[in-house]
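See below for the structure under consideration.
Quick note: numbers below take in every heavy atom, side chains included, and nothing from hydrogens, waters or symmetry partners. Note that the structure is a prediction, hence the values are computed from the model and not measured.
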Amino acid sequence: QVQLVESGGGSVQPGGSLRLSCQASELTFSLYAMSWYRLAPGKQRELVASISGSGGSTDYADSVKGRFTISRDNAKNMMYLQMNSLKPEDTAVYYCYADGSSKYWGKGTLVTVSS
């Protein structure tokens, strides 16, 4: 059974950093483009960052560009989101998403940024 499991969420102060991880299993990982989405209360789901199957191409929402870095390690079936200079508006549940022959979602991990 295909599974995406996020980890690394938590509570940090503004200006702090977190690294999120997504562990994928039971799929041919390199054939899937991967993304991080987030959902905050009262807001629409937002595409935060995406990375191609090979890792050669990335894309970021304007709101996180320059602060967040998406990466992947295909040998380990892992995807990461390094989040620096965090702001209160980054508070959300962050979801891992795999896009290939089928579409899969993780269950999410909560990131809270507050003083």
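Here Gln3 pairs with nothing under the side-chain hydrogen bond (donor to acceptor under 3.5 Å, both in side chains) rule; sequence neighbours left out.
Two residues are said to be in side-chain contact when any heavy atoms from C-beta on lie closer than 4.5 Å; Ile70 and Tyr60 meet this criterion. The shortest distance between side-chain heavy atoms of Val111 and Met83 falls below 4.5 Å. Between Leu31 and Ser101, the closest side-chain pair of non-hydrogen atoms is not below 4.5 Å. For the pair Tyr37 and Val93, the minimum side-chain heavy-atom distance is 4.5 Å or more. For the pair Arg67 and Lys87, the minimum side-chain heavy-atom distance is below 4.5 Å. At a threshold of 4.5 Å between non-hydrogen side-chain atoms, the residues Pro14 and Pro88 count as touching. Inter-residue side-chain proximity for Ile51 and Trp36 is flagged as unmet; no heavy-atom pair is nearer than 4.5 Å.
Looking at Thr112 and Ser11, their side chains never bring a donor and an acceptor atom within 3.5 Å of each other. A side-chain donor from one of Glu46 and Ser63 sits under 3.5 Å from a side-chain acceptor of the other. With no hydrogens or angles considered, a side-chain donor-acceptor pair links Ser17 and Asn84 at under 3.5 Å.
Here the closest non-hydrogen pair linking Ser52 and Gly56 is OG-N, 3.3 Å. Nearest heavy atoms, Leu18 versus Leu86: N-CD1, 3.9 Å. For Ala24 against Leu4, the heavy-atom pair with the smallest separation is CB-CD2, 3.6 Å. Pairing each heavy atom of Ala98 with each of Leu27, the nearest pair is CB-CD2, 4.4 Å. When every heavy atom of Asn74 is checked against every heavy atom of Gly53, the shortest pair comes out as ND2-O, 2.9 Å. The minimum heavy-atom distance between Tyr80 and Ser21, with the atom names listed, is CD2-OG, 3.4 Å.
Note that CG of Asp99 and CE of Met34 are 9.5 Å apart. Values are rounded to the nearest 0.5 Å. Atom OG of Ser25 and atom CD of Gln23 lie 6.5 Å apart (nearest 0.5 Å). The structure places CG of Asp59 at 7.0 Å from CG of Leu47, a figure rounded to the nearest 0.5 Å. Interatomic distance, Phe29 CZ to Arg72 CZ, rounded to the nearest 0.5 Å: 4.0 Å. Atom-to-atom distance recorded for Ser50:OG and Met79:CE is 8.5 Å, nearest 0.5 angstrom. Going from atom CD of Glu6 over to atom OH of Tyr95 covers 8.5 Å, rounded to the nearest 0.5 Å.
Under the 4.5 Å side-chain heavy-atom criterion for Ile, Leu, Val, Met, Phe, Trp and Tyr, Tyr97 and Leu20 are members of distinct hydrophobic clusters.
For the pair Arg38 and Tyr94, the cation-pi criterion (under 6.0 Å, within 45° of the ring axis) is not fulfilled.
Between the Thr109 side chain and the Ser7 main chain, no donor and acceptor come within less than 3.5 Å of each other.
Asp62 has a carboxylate O that lies under 4.0 Å from a charged side-chain N of Lys65, or vice versa, which qualifies the two as a salt bridge.
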